[in-house]
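Note that the coordinates shown come from a computational prediction; the quantities given were computed from them, not determined experimentally. Note that the numbering runs from 1 along the sequence shown for the chain.
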Amino acid sequence: MKLANIFEKLVGQDLNVRITAYDGSTAGPTDAEYGLDLKTPRGTTYLVTAPGDLGLARAYVAGDLELIGNHPGDPYETLQALAGDLKFTKPSPLEMAQLVRDLGVEHFKPIAPPPQESLPRWRRFAEGFRHSKDRDAEVISYHYDVSNRFYELVLGESMTYTCAVYPNRDATLEEAQENKYRLIFDKLRLKPGDRLLDIGCGWGGMVRYAARRGVHALGVTLSKEQAQWAQQAIVDEGLTEFGEVRHSDYRDVAESGFDALSSIGLTEHIGVANYPKYFGFMRDKVRDGGMILNHSITRPDNAARSKAGPFIDRYVFPDGELTGSGTIISKMQNVPGLEVVHEENFRSHYAMTLRHWNRNLVENWDEAVAEVGEGTARLWGLYMAGCRIGFERDIVQLHHVLATKLPNDKADLLPLRPWWQP
């Protein structure tokens with residue numbers, strides 16, 4: 001059997017893309033605009049030893065597989081063409097025997113994955129308890145300590161790695177990120193002189209937004225590189241009177257009595273089993289009548305498994321977990337003293353955000369490759385374009401959940417209707 005036909009057998013029949021392989025074989029429609037090109041024997045080994053998205057990712061990141069029809073910084077259209085057709089199937093024993101005969105047994109001996117790949121889940125478990133402080137620090141560093149310069153090239157001027165909120169479909173990325181911080185600031189009812197705690201603060205975008213408006217804002221992040229970049233940005237903007245970013249686990253914050261607490265893109269790293277303690281921490285850190293906003297990626301329902309698939313777990317967010325917005329709301333409501341007052345979904349906004357990030361990567365491709373290497377740059381293009389499709393097809397969502405800490409007498413201290421602009 002020719003390689004292209006073997007490839008087709010592994011990833012699905014009747015693909016609407018063209019498949020080519022290094023032995024000269026082809027499969028699929030000859031006039032297809034998009035396609036897959038298997039370039040090396042090593043790519044074959046990746047595909048047959050890890051059938052599915054993990055094997056495809058290994059071959060692609062290593063440069064052994066090409067997605068034809070797009071720039072590697074934004075393979076969105078090629079992935080769109082593939083997304084409805086890819087149906088990974090595990091070969092039957094008879095088919096596996098034929099594959100071994102056709103390919104040679106040497107291709108079925110596992111080889112080292114690309115260096116961008118994290119340890120498998122069982123190895124990480126053996127080396128440290130899941131969501132312990134040490135292990136959380138390791139997985140956050142894996143994803144965020146890539147290179148501050150690389151993130152500048154992808155994220156743009158706002159240096160914000162969370163979903164933007166677009167005031168209109170023609171808004172720039174910078175306008176949408178500024179609008180996101182404005183919306184969160186308003187939802188939290190912050191005013192000059194207030195105190196804000198932003199946990200998982202990234203490069204300090206929310207901290208600096210609040211500090212510019214006279215709010216005393218403290219941000220914490222487990223990424224050393226993020227903390228260094230953010231604190232320097234605070235100094236450069238002359239905001240040291242109001243803003244601070246620490247390299248710290250949020251659980252080590254000693255201060256309390258904050259007027260508001262924001263968590264923007266951290267819940268995905270917490271673990272569903274840890275939600276009660278996580279939301280309990282939030283309650284304990286704000287004053288009576290204080291506000292809490294949780295911004296996080298969610299699943300579209302509350303029944304799906306929370307753990308990420310192999311590609312996301314090994315290449316993007318090790319130990320990441322997603323659940324439905326209903327689960328998040330119920331876990332918050334189960335914390336005594338917390339009252340959920342509002343939630344909304346920004347799924348379409350995240351698809352638009354990812355579109356802009358991919359565009360930035362394409363425009364800055366040569367510098368990005370020089371900064372982190374082609375394999376990592378290819379990985380990010382693939383991951384962001386794939387996530388964009390996920391948001392567009394309602395495979396994942398992005399929700400704000402807004403809550404308040406009730407006083408002991410349960411007095412209602414909030415306006416009767418939402419006080420922020422959409």
**Q.** Pair Thr160, Tyr181: side-chain N/O donor-acceptor within cut-off below 3.5 Å
**A.** yes
(Q) Main chain of Thr40, side chain of Asp64: is a donor-acceptor contact present, judged purely on distance under 3.5 Å? (A) no
Q.
Please give me the minimum heavy-atom distance between Met291 and Leu188, naming the atom from each residue.
A. CG-O, 3.6 Å
Q: Would you confirm whether Arg213, through its side chain, and Tyr209, through its main-chain N or O, come within 3.5 Å as a donor-acceptor pair?
A: yes
Q. Under 3.5 Å, side chain of Asp301 to main-chain N/O of Ala304, donor-acceptor pair present?
A. yes
Q: Compare every heavy atom of Leu413 with every heavy atom of Pro407, then report the nearest pair and how far apart it is.
A: CG-CD1, 3.7 Å
Q. Taking the six-membered ring for Trp, are the ring centroids of Tyr383 and Tyr315 within less than 6.0 Å of each other?
A. no
Q. Does atom NZ of Lys331 have more than 12 heavy-atom neighbours, drawn from other residues, nucleotides or ligands, at distances under 6.0 Å?
A. no
**Q.** Thr49 (side chain) donor-acceptor with Phe108 (main chain) under 3.5 angstrom
**A.** no
Q: Without swapping roles, check the side chain of Gln226 against the backbone of His247 for a donor-acceptor pair under 3.5 Å.
A: no
Q) Do Ser263 and Tyr278 get their side chains close enough for a donor-acceptor pair, meaning under 3.5 Å? A) yes
Q) Can you list the steps and then say if Leu56 with Leu47 is a side chain to side chain contact (heavy atoms under 4.5 Å, CB included)? A) CA-CA 6 Å; Leu56 280 171; Leu47 291 172; 3.6 Å; yes
Q: State which residue, out of His399, Lys187, His400, fulfils the side chain to side chain donor-acceptor pair (under 3.5 Å) condition with His295.
A: His400
(Q) I want to know whether Phe150 and Trp229 have ring centres closer than 6.0 Å. (A) no
(Q) Is it the case that the side chain of Glu367 and the backbone of Asn364 share a donor-acceptor pair, with hydrogens and angles ignored and the cut-off at 3.5 Å? (A) no
Q. Heavy-atom distance under 4.5 Å between the side chains of Leu379 and Phe311, does that happen here?
A. yes
Q.
Within the structure provided, determine whether Pro72 and Trp365 are in side-chain contact (heavy-atom separation under 4.5 Å).
A. yes
(Q) Between Lys410 and Glu339 (salt bridge meaning N to carboxylate O under 4.0 Å), is one present in this structure? (A) no
Q) Between Arg388 and Glu392, is there a salt bridge with N-O shorter than 4.0 Å? A) yes
Q: Taking Asn334 for its side chain and Ser330 for its backbone only, find out whether a donor-acceptor pair lies under 3.5 Å.
A: yes
Q) Does atom CD of Glu255 have more than 12 heavy-atom neighbours, drawn from other residues, nucleotides or ligands, at distances under 6.0 Å? A) yes
**Q.** Phe279 six-ring centre to Arg283 NZ/CZ under 6.0 Å and within 45° of normal
**A.** no
Q: Compare every heavy atom of Asn360 with every heavy atom of Gly156, then report the nearest pair and how far apart it is.
A: N-ND2, 3.9 Å
Q. Given side chains that start at C-beta, do those of Lys285 and Ile292 come closer than 4.5 Å, heavy atoms only?
A. no
Q) Which value, rounded to the nearest 0.5 Å, describes the distance between Leu38 atom CG and Ile19 atom CD1? A) 9.5 Å
Q. Is the gap between the ring centers of His269 and Tyr250 under 6.0 Å?
A. no
Q) Heavy-atom distance under 4.5 Å between the side chains of Ile68 and Thr20, does that happen here? A) no
Q. Does Glu33 CD have over 12 foreign heavy atoms under 6.0 Å away?
A. no
(Q) For Tyr161 and Trp357, I'd like to know if the aromatic rings sit close, meaning centre-to-centre distance below 6.0 Å. (A) yes
Q.
To check you understand the geometry: which heavy-atom pair defines the closest contact between Gly381 and Pro75, and what is its length?
A. O-CD, 3.4 Å
Q: List the atom of Ala230, the atom of Gly204, and the distance in Å for their closest heavy-atom pair.
A: CB-N, 3.9 Å
Q) Just wondering, do Val17 and Thr78 contact through their side chains at under 4.5 Å, heavy atoms? A) no
Q) Under the 3.5 angstrom rule, does the side chain of Asp37 hit a backbone N or O of Lys39 as a donor-acceptor pair? A) no
Q. Mind checking whether Thr404 and Val286 have side chains closer than 4.5 Å, heavy atoms only?
A. no
Q.
Under 4.0 Å between a side-chain nitrogen and a carboxylate oxygen: does that hold for Arg378 and Glu66?
A. yes
**Q.** Ring-face cation contact, Phe258 with Arg195, 6.0 Å cut, 45° max
**A.** yes
Q | Glu157 atom CD: more than 12 heavy-atom contacts under 6.0 Å | A | no
Q) How long is the gap from CD on Glu371 to CG on Asp366, to the nearest 0.5 Å? A) 13.0 Å
Q | Residue pair Asn179 / Val165: nearest heavy atoms and the distance that separates them | A | ND2-O, 2.9 Å
Q. Under 3.5 Å, is there a donor-acceptor pair between the side chain of Asn302 and the main chain of Thr327?
A. yes
(Q) Would you say that Asp259 contacts Val215 through its side chain, given a criterion of any heavy-atom pair below 4.5 Å between the two side chains? (A) no
(Q) Check this for me: does any side-chain nitrogen of one of Asp249 and Arg251 sit under 4.0 Å from a carboxylate oxygen of the other? (A) yes
Q | Side-chain touch Leu82/Leu36, heavy atoms, less than 4.5 angstrom | A | yes
Q: Answer yes or no: is there a donor N or O on one side and an acceptor on the other, between the side chain of Arg347 and the main chain of Phe391, under 3.5 Å?
A: yes
